[in-house]
Novice: 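Let me give you the structure first, and then I'll get to my questions.
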Amino acid sequence: MTQASPPPDSGAPQRFPVVVVGAGPAGLTVGNILRAAGVDCLVLETETREFTEQRPRAGVIEEWAVRGLEKRGLARNLLDRAELHSACEFRFDGERYRFPYGELTGSHHFVYPQPLLVTDLVREYADVRGGRIRFGVRDVRVHDIDSDRPSVSYTCPETGEHTVVHCDFVAGCDGARGVTRAALPPEQVRVARHDYGIGWLALLAEAPPSAGCVLFGCHAKGFAGQMPRSPEVTRYYLQCPPGDAPENWPHERVWAELHERLGASGVPPLTEGRLIEKRVLDMHDYVVEPMAWGRLFLAGDAAHLVAPIAAKGMNLALHDAFLLGDALVARLTTGDDSGLGGYAQACLRRVWDYQEFSQWLSDVYHGTAAGDPFRAGTTLARLRRLFTSPTAAAAFAEQYLGTAARY
């Protein structure tokens, strides 16, 4: 929530050109871009460093995003350790269909779990580039964002002291439940939201991937997916009712459904393992407009959420961060504010492009389980077209890789 002005500061006043709220991929990338340009900033994060570096999240990074990290000196470990994926496999009608998108486009995906990327970004920002970061802070508030003297206040976790940090700009990178989005004036905000009416049971299994690529199972009982994370750990998804409880999915039921929904003629059974994570995700998207107000600029999930249907969320966060970091550097080092002025519009073009693709792909994943024979039939027609029409295949490959959105 925002306040017109901060409460009294119990310590010495602090000032940074930029305060970044949130230490996820977006916030840490913005911080690293600023520090590389010699701009001081402070990153505030409500969770501990250990939690931030370990929480399970996405792992598929598009090639353009990796090149953006590489350009900014942030991809050294990623390039050394990531797996490269150039194909995926659809399974439907009891058969398997390999989709070689690398051959069609010359591009590929990098599989690098988000906790590893966050760990790299924290170390680069704090330990190499000397950036200031406070973990575990409480009661974060944003103040006076529509003035030229914004500030951010927080409570120190060690001492309980209230601290006010004055700044020129605030980067709101604190996710869907953070405080920065709430700082926008409610009467000026439009949140466009789409609910899919389905849930996904998100699973992490201590088991090697059963195929060397991403698997999409389009089945009458519901969607299933396999997303390799490492040689020892695999991410799985199972379509389920929204609001379902993880407790309704014991080990035996999970693996029975995965075997059935990902089964196909001539493929070996899945390799089972201990389930180390089970949570239900209710599939929905949203887009917040405007993404900027006064001296506050939103990035990542604070501004938009795209369901994990197309593995686009982290990529959108990085796209925002590249644009915002570069724009802040230009404004603070040369006085050029054109980047900040065009920031929201440039971000939203890619955001809406990815949202549209996610919605289209949801129809492909879930249409066969809709309980509607007509919808099931058209879904199968759409799937078959991917493997019979070079034009349809090329269009899907470009959107799947993010190469169609050249902004």
Side-chain angles (χ1 to χ4, degrees), residues 60 85 87-101 194-203 205 209-211 213-228 234-244 246 248-249 252-270 278 280-285 306-312 354-397 399-400:
V60 177
H85 283 206
C88 59
E89 186 171 298
F90 288 85
R91 295 181 178 180
F92 60 93
D93 258 0
E95 301 294 335
R96 61 192 298 192
Y97 299 85
R98 184 175 181 272
F99 190 86
Y101 54 84
H194 174 70
D195 288 286
Y196 290 93
I198 59 172
W200 274 13
L201 180 68
L203 305 152
S210 297
C213 65
V214 172
L215 302 179
F216 303 125
C218 303
H219 195 275
K221 293 187 67 176
F223 170 78
Q226 175 207 262
M227 286 71 180
T234 304
R235 167 73 73 187
Y236 286 102
Y237 291 112
L238 279 170
Q239 182 180 345
C240 65
D244 203 351
N248 294 333
W249 292 86
E252 293 76 12
R253 183 187 181 195
V254 164
W255 286 108
E257 291 292 326
L258 286 171
H259 281 291
E260 183 172 5
R261 300 186 197 183
L262 288 172
S265 177
V267 302
L270 302 178
K278 284 193 295 184
V280 173
L281 309 175
D282 289 343
M283 295 289 104
H284 67 277
D285 309 316
V306 58
I309 290 167
K312 297 293 189 183
Y354 279 20
Q355 294 284 19
E356 186 278 332
F357 179 62
S358 179
Q359 190 174 51
W360 181 91
L361 194 57
S362 175
D363 289 340
V364 171
Y365 287 169
H366 307 116
T368 54
D372 178 350
F374 187 89
R375 185 177 171 191
T378 56
T379 298
L380 290 172
R382 185 177 292 176
L383 282 164
R384 287 192 292 268
R385 189 178 300 122
L386 292 179
F387 300 94
T388 58
S389 166
T391 301
F396 173 80
Q399 290 180 297
Y400 187 54

Novice: Return yes if some donor-acceptor pair links the side-chain N/O of R91 with the main-chain N/O of L262 below 3.5 Å, else return no.
Specialist: yes
Novice: First locate atom SG of C240, then atom CG of L201, and finally report the distance between them rounded to the nearest 0.5 Å.
Specialist: 5.5 Å
Novice: Looking at CG of N248 and CZ of R253, how far apart are the two atoms once the value is rounded to the nearest 0.5 Å?
Specialist: 6.5 Å
Novice: Given side chains that start at C-beta, do those of P308 and L281 come closer than 4.5 Å, heavy atoms only?
Specialist: yes
Novice: For E260, is there any backbone N or O sitting under 3.5 Å from a side-chain donor or acceptor partner on K221?
Specialist: no
Novice: So, for V364 and T379, which heavy atoms are closest and what is the spacing to 0.1 Å?
Specialist: O-CG2, 3.4 Å
Novice: Between D285 and Y196, do the side chains contain an N or O donor and an N or O acceptor separated by less than 3.5 Å?
Specialist: yes
Novice: Would you call E89-R96 a salt bridge at under 4.0 Å N-O?
Specialist: yes
Novice: To the nearest 0.5 Å, how far apart are CG in L361 and CD in E356?
Specialist: 10.5 Å
Novice: Could you label the plane-to-plane angle of the W200 and Y365 rings as parallel, tilted or perpendicular, counting under 30° as parallel and over 60° as perpendicular?
Specialist: tilted
Novice: Does L258 form a side chain to side chain contact (heavy atoms under 4.5 Å, CB included) with Q226? I'd like the steps, not just the answer.
Specialist: CA-CA 9 Å; L258 286 171; Q226 175 207 262; over 6 Å; no
Novice: Determine the interplanar angle of the H259 and W255 rings, folded into 0 to 90°, and report it as parallel if under 30°, tilted if 30 to 60°, perpendicular if over 60°.
Specialist: tilted
Novice: Say whether, by atom type as modelled, one donor and one acceptor occur between the side chain of Q239 and the main chain of F223 under 3.5 angstrom.
Specialist: yes
Novice: So, for P228 and A211, which heavy atoms are closest and what is the spacing to 0.1 Å?
Specialist: CG-O, 4.1 Å
Novice: Are S265 and V267 packed together at the side-chain level, in the sense that at least one heavy-atom pair is separated by less than 4.5 angstrom?
Specialist: no
Novice: Are any of the side-chain heavy atoms of H85 and V214 separated by less than 4.5 Å?
Specialist: yes
Novice: Is there a donor-acceptor pair under 3.5 Å between the side chain of S389 and the backbone N or O of L386?
Specialist: no
Novice: Without swapping roles, check the side chain of D372 against the backbone of F374 for a donor-acceptor pair under 3.5 Å.
Specialist: yes
Novice: At what distance, to the nearest 0.5 angstrom, does CD of Q399 lie from OG of S358?
Specialist: 11.0 Å
Novice: Do the two ring centres, one from F396 and one from F99, sit under 6.0 Å apart?
Specialist: yes
Novice: So, taking the atom named CG in L215 and the one named CZ in R261, what distance separates them when rounded to the nearest 0.5 Å?
Specialist: 14.5 Å
Novice: Could you check whether any side-chain heavy atom of Y236 comes within less than 4.5 Å of a side-chain heavy atom of S210, counting everything from C-beta outward?
Specialist: yes
Novice: Sub-3.5 Å donor-acceptor pair from the side chain of D195 to the main-chain atoms of H284, do we have one?
Specialist: no
Novice: Side chains of R382 and D363: does their closest heavy-atom pair fall under 4.5 Å?
Specialist: yes
Novice: When you measure from the side chain of K312 to the backbone of Q355, do you find a donor-acceptor pair of N or O atoms at a distance under 3.5 Å?
Specialist: no
Novice: Taking side chain as C-beta onward, heavy atoms only, is R384 less than 4.5 Å from F92?
Specialist: yes
Novice: Tell me the closest heavy-atom pair linking P100 and A87, and the distance in Å.
Specialist: CA-CB, 4.0 Å
Novice: For the rings on F216 and F90, is their centre-to-centre separation under 6.0 Å?
Specialist: yes
Novice: After noting the C-alpha distance and the side-chain angles of Y237 and L203, does the key distance pass the side chain to side chain contact (heavy atoms under 4.5 Å, CB included) rule?
Specialist: CA-CA 6 Å; Y237 291 112; L203 305 152; over 6 Å; no
Novice: Drop me the distance from E257's CD to H219's NE2, to the nearest 0.5 angstrom.
Specialist: 8.5 Å
Novice: Is there a side chain to side chain contact (heavy atoms under 4.5 Å, CB included) between C218 and L383? Walk through the geometry before answering.
Specialist: CA-CA 9 Å; C218 303; L383 282 164; 4.1 Å; yes
